[in-house]
Amino acid sequence: MTSDGSVGEIDPHELANQDFLDEVHSFQFWFDSVEGYLSERPYGRAETTADIELDDDRRERLITTLCNYCVGEAAALEGASGLVQLAPDHNSKIFMATQVVDEARHLEVFLHRLRELGVTNPDLEIERRAQPALVDFKGALLELVAHGDWQAAVFAQNVILETMEYTVFRLHRANADPVTAEVLGGVISDERRHAGFGESDLGRSLSIDPSGRVRLGQVKQQLDTMVLGVFEAALDEVGATDGPSQLAREYLHTVERLGFT
Ligand SMILES: [Fe+2]
Ligand SMILES: [Fe+2]
């Protein structure tokens, strides 16, 4: 596959690689992955998992955090749906379609959790509590998609946003009440696939054509601090005291693997 998405001469090594990509980017792979943790868990939680009473302060902080998670999920939902059209090959389109489904589910389970916590109008509450930097990030991501910039949009969405969500949700889960922890568990498994796609897609395209590295470095500089600050604050809100430094460390490792410092 060339950087413009056209298929050149295929060698056996490439073919093996392509077979692998066809397999892991399929709906079949997606279904086999989600079946284990979504079956019999309406809205991401088993009916047998009991909710605990949260004091007012903890409940308030959880609501703020979930409202901001909803902004991130809505960004990824809209971003991934636009990326279906931009994807340079069929298996990337199919993968993005699975991601659209995942992100819609994440948004749905977080909205449902907000209602369980007593929020009667989640949309209004999200508007009220959303961190402006995360709303700006969403706008910047959707602008990259609107400009047809697959590589930069995948970097913003599947590397910057997904790597941070994957880490933040894991750190939050360790500190969360049982129901929120269970909901986060399913979401984490999905985010891991999304972050994996971003790293593998960009790793391949940058190894073929490293010239994109400079431009992605600029996208990184412009966008990563927006999201990092918001998620560090979210970890503080949920009482994950070592969270902010761990988040920065894990994000740094991911971008270093892609050749960014
Ligand atoms: Fe998500
Ligand atoms: Fe995701």
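Remember, predicted model here, so these are calculated numbers, not experimental data. Order of listing sets the numbers, starting from 1, for every ligand and every atom in it.
- Although no hydrogens or angles enter the test, the distance criterion places no donor-acceptor pair under 3.5 Å between the side chain of Asn68 and the main chain of Ala130.
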_Walk me through whether Glu250 and His253 qualify under side-chain hydrogen bond (donor to acceptor under 3.5 Å, both in side chains)._
CA-CA 5 Å; Glu250 290 198 23; His253 283 156; over 6 Å; no
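- Note on the Fe ion (ligand 2): protein N, O or S atoms under 2.8 Å away count 5, no waters included.
- Two residues are said to be in side-chain contact when any heavy atoms from C-beta on lie closer than 4.5 Å; Leu216 and Leu206 meet this criterion.
- Within the 3.5 Å criterion, the main-chain N or O of Ala75 finds no donor-acceptor partner in the side chain of Lys138.
- Just one of Arg113, Arg41, Arg173 meets the salt bridge (charged side-chain N to carboxylate O under 4.0 Å, His left out) condition when paired with Glu182; it is Arg41.
- In this structure, Lys220 contributes its side chain and Phe260 its backbone to no donor-acceptor pair below 3.5 Å.
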